[in-house]
Amino acid sequence: MSIDIKTARKVAHLARIEVAEEALPPLADALSNILAFMEQLNEVDIEGVEPMSSVTPMALKRRADEVTDGGYQEQILANAPDTREGFFAVPKVVE
Amino acid sequence: MTDLSKLTIADARDAMRKGNFTAVELTEQYLGAIEAADVLNAFSTNTPDIARAQAAAADMRIAKGDAPDMCGIPLGIKDLFCTKGVQTQAASHILDGFKPEYESTITSQLFDAGAVMLGKLNMDEFAMGSSNETSFYGPVTSPWRRGNEETKLTPGGSSGGSASAVSADLCLGATGTDTGGSIRQPAAFTGIVGVKPTYGRCSRWGVVAFASSLDQAGPMVKTVRDSAIMLEAMAGHDAKDSTSADLAVPNFEAALTGDIRGKKIGIPKEYRLDGMPDEIETLWQEGAEKLRDAGAEIVDISLPHTKYALPAYYVIAPAEASSNLSRYDGVKYGHRAKLNAGEGITEMYERTRAEGFGDEVQRRVMIGAYVLSAGFYDAYYIRAQKVRTLIKQDFEQVFAEGIDQILTPATPSAAFGLGEMANADPIKMYLNDVFTVTVNLAGLPGVSVPAGLDASGLPLGLQLIGQPWNEADMLNTAFALEQASGFAAKPARWW
């Protein structure tokens with residue numbers, strides 16, 4: 001499966017990475033090469049095999065559904081590029 | 001002054017307890033060594049003030065006589081570990097200036113045990129790379145050279161700063177992380193010991209995530225004994241990591257008897273690659289003979305799906321990375337791109353990530369987005385997860401047949417020159433992980449032990465793969481291999 005320029009543009013957008021038009025052809029080539037490498041997986045007989053969901057068989061621990069931690073507004077905002085009045089600030093989203 | 005080139009964690013522990021030198025004296029000596037080794041670019045941030053304060057506190061504990069093994073031991077911490085108030089960037093531009101408000105569980109445990117942090121260590125960006133050349137801080141140089149050549153060599157990656165710092169005696173030990181071989185490959189390239197524990201042995205909390213089902217932290221040190229001591233301090237259950245195992249941590253050092261009589265060591269035929277240098281094949285055979293001489297039984301085994309480990313890994317790891325790295329959006333921390341008039345939040349996300357991520361990270365995030373996208377999820381991701389099940393079953397079968405550990409080469413070559421792979425296909429670089437990546441996919445413990453030098457004088461390593469949760473026995477076999485190999489080479493100091 002090879003990736004064309006249109007697909008490369010779509011993948012870049014899905015990944016939320018800005019890619020200039022002139023950078024799309026080499027990107028498409030690079031992604032195609034990696035996908036070609038993955039095609040080897042098609043040789044494997046996977047009939048009846050369960051996909052792995054957990055590498056070590058363990059049941060996730062449960063706990064009561066209650067607040068155990070929190071109240072760190074200042075620390076959470078401490079590294080943000082832009083904050084206002086205790087919130088993260090971003091460019092206008094709603095017209 | 002202590003000869004740092006001969007000092008180990010075990011020696012330093014014993015010497016400080018005897019009062020031969022103090023943690024403060026040792027720390028000063030290491031801070032001096034780091035300052036004199038700037039050219040290696042192993043450290044990304046130096047933390048001398050923290051180191052001095054921790055060393056002074058360690059000396060008080062040692063004086064009281066009940067200090068833990070790691071008390072007063074100067075360490076380097078990979079930049080992937082969140083350290084409270086200290087720059088933590090995963091060697092990425094996108095985390096510019098990030099100073100965590102919290103401490104990772106592993107560094108907390110090490111500091112609680114009295115360890116001293118000399119600084120943060122350079123690495124491949126987000127641990128994606130095998131040569132430390134994807135770092136935003138610039139590549140790390142290995143202290144090793146090919147004979148008298150001045151060519152700068154890679155220490156390997158992604159834990160390249162850790163490997164370079166330990167082998168150049170800039171610290172007694174370093175934390176590393178290993179998603180596909182990022183502890184074991186650089187350890188092999190620099191003649192040190194690197195352990196990737198069983199998945200779930202060490203908490204991932206506060207370690208910047210790359211591929212969560214594969215990531216595991218471990219120690220990078222000079223000897224197997226030191227790896228046992230440091231691993232014990234790093235390991236243990238953590239309620240903050242739901243995949244951390246609620247199992248007791250054994251005394252790994254006490255397991256090092258060197259007695260491996262009757263142990264069954266598997267030699268997997270699939271690890272014999274076309275085009276592999278003869279030196280590595282010879283090293284591997286000699287390693288097996290040494291274990292046989294020590295009383296182990298050498299058994300030929302087959303791990304039939306080995307060939308598919310690398311392609312499966314390069315579906316699964318980028319898929320998890322694309323999900324984990326979605327948090328870098330220019331809102332919560334780090335870099336945010338400047339916008340032009342009329343541009344909005346989509347441009348902010350996309351430009352921030354284009355400016356903030358390097359080429360290799362961008363490539364993997366996009367591959368991940370692709371294999372997880374509608375229409376391709378089953379063909380790539382689910383198929384890879386099924387192949388992963390088969391790879392794990394290969395190991396389960398040989399362990400069920402009584403194999404205790406598996407011996408393989410650690411890497412398909414010795415260290416290469418910085419820039420030598422610059423124009424190579426990315427897949428060429430991925431092949432560095434061919435012997436190590438199976439271990440991550442199966443969640444097993446693995447250790448790289450220095451075993452010899454190639455014709456140009458560069459270190460080569462052998463890998464032992466253990467049964468899940470049996471790091472103790474794996475390290476004991478590694479200890480026997482280390483003793484039989486008698487590896488004592490050090491890089492000649494040029495820096």
Side-chain angles (χ1 to χ4, degrees), chain A residues 1 3 7-8 10-20 23 27 30-31 33-58 60-63 68-69 72 74-83 88-95, chain B residues 97-99 101-102 198-200 213 242-243 245-246 305 307-308 311-312 314-315 322 326 329-336 339 343-351 353-354 357 362-363 365-370 373 380 382-390 392 425-427 441-443 468:
Chain A
M1 177 97 196
I3 288 196
T7 312
K10 185 187 156 202
V11 170
H13 180 65
L14 280 175
R16 296 291 185 274
I17 294 174
E18 189 174 71
V19 179
L27 174 67
L31 297 181
N33 278 343
I34 298 172
L35 287 177
F37 175 63
M38 294 172 179
E39 302 286 319
Q40 287 178 70
L41 295 176
N42 294 332
E43 297 165 15
V44 186
D45 180 8
I46 51 164
E47 188 63 34
V49 177
E50 281 295 311
M52 184 182 288
S53 56
S54 168
V55 69
T56 36
M58 60 165 79
L60 283 182
K61 291 201 172 212
R62 296 182 177 204
R63 63 167 178 83
T68 57
D69 205 356
Y72 302 127
E74 225 169 274
Q75 288 96 314
I76 285 166
L77 294 173
N79 278 289
D82 192 8
T83 62
F88 292 114
V90 295
K92 196 158 96 174
V93 181
V94 185
E95 288 302 323
Chain B
F98 179 58
K99 289 187 176 169
E101 293 285 326
Y102 51 87
T198 311
Y199 182 81
S213 79
S242 62
T243 60
D246 196 356
H305 295 92
K307 183 186 165 193
Y308 302 105
Y314 277 98
V315 174
S322 79
S326 65
D329 57 3
V331 175
K332 299 183 284 293
Y333 24 61
H335 177 70
R336 177 187 287 192
L339 298 180
E343 291 180 326
I345 196 154
T346 302
E347 287 86 358
M348 185 197 75
Y349 291 147
E350 295 193 346
R351 196 162 310 144
R353 290 161 65 81
F357 291 145
Q362 291 195 22
R363 199 155 37 229
V365 167
M366 287 194 257
I367 281 286
Y370 181 79
S373 65
Y380 289 103
I382 293 295
R383 175 171 284 269
Q385 291 284 43
K386 289 182 177 181
V387 172
R388 188 175 179 187
T389 299
L390 293 171
K392 183 163 181 250
D425 189 317
I427 291 162
L441 288 169

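In the text below, chain A, chain B and the rest are named by the order of the sequence lines, each starting its count at 1.
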### Message
Heavy-atom count check: over 12 atoms from other residues, nucleotides or ligands less than 6.0 Å from A:Lys10 NZ?
### Response
no

### Query
Within a radius of less than 6.0 Å around CD of A:Glu43, do more than 12 heavy atoms belonging to other residues, nucleotides or ligands occur?
yes

### Task
Under the salt bridge (charged side-chain N to carboxylate O under 4.0 Å, His left out) rule, collect the residues that match up with B:Asp425, sequence neighbours excluded.
none

Let me know if [X] has heavy atoms under 4.5 Å from chain B in its side chain, its backbone, both or neither.
X: A:Asp69; value: neither
X: A:Thr7; value: side chain
X: A:Met38; value: both
X: A:Leu27; value: side chain
X: A:Ile17; value: both
X: A:Ala8; value: neither

### Message
Do B:Arg383 and B:Val315 make a side-chain contact, defined as non-hydrogen atoms from C-beta onward lying under 4.5 Å apart?
### Response
no

### Query
Considering all heavy atoms of both residues, which atom of B:Glu347 and which atom of B:Gly344 are nearest to each other, and what is their separation?
OE1-N, 2.9 Å

Choice from [options] maximising heavy atom contacts with chain B below 4.5 Å:
options: A:Asp45, A:Val11, A:Leu41; answer: A:Leu41
options: A:Ala80, A:Ser54, A:Pro81; answer: A:Pro81
options: A:Asn79, A:Ile34, A:Asn42; answer: A:Asn79
options: A:Thr83, A:Leu14, A:Thr56, A:Ile76; answer: A:Thr56
options: A:Leu77, A:Val44, A:Val55; answer: A:Val55
options: A:Val19, A:Val49, A:Leu60; answer: A:Val49

Please state whether the side chain, the backbone, both or neither of [X] comes within less than 4.5 Å of a heavy atom of chain A.
X: B:Lys392; answer: side chain
X: B:Thr346; answer: side chain
X: B:Leu441; answer: backbone
X: B:Met348; answer: side chain
X: B:Ile427; answer: side chain
X: B:Ser213; answer: backbone
X: B:Ala442; answer: backbone

Side chain of [X], backbone of [Y]: donor and acceptor closer than 3.5 Å?
X: B:Arg363; Y: A:Ala30; value: no
X: B:Thr389; Y: A:Met52; value: yes
X: A:Asp82; Y: A:Val90; value: no
X: B:Arg353; Y: A:Ala15; value: yes

### Task
Supply the atom-to-atom distance A:Ile3 CD1 to B:Tyr370 OH, rounded to the nearest 0.5 angstrom.
4.5 Å

### Message
Quiz question: by atom type and distance under 3.5 Å, do the side chains of B:Gln385 and B:Tyr380 form a donor-acceptor pair?
### Response
no

### Query
Have B:Tyr102 and A:Gln75 got a donor and an acceptor in their side chains that come within less than 3.5 Å?
no

### Summary
Given B:Val387, B:Asp246, B:Ile367, the one with more heavy-atom pairs under 4.5 angstrom with chain A than any other is B:Ile367

### Summary
Note: vs chain A, highest number of non-hydrogen pairs under 4.5 angstrom among B:Ser322, B:Pro426, B:Ala312 is B:Ala312

### Task
Test side chain to side chain contact (heavy atoms under 4.5 Å, CB included) on B:Asp329 and A:Arg16 and set out the steps.
CA-CA 9 Å; B:Asp329 57 3; A:Arg16 296 291 185 274; over 6 Å; no

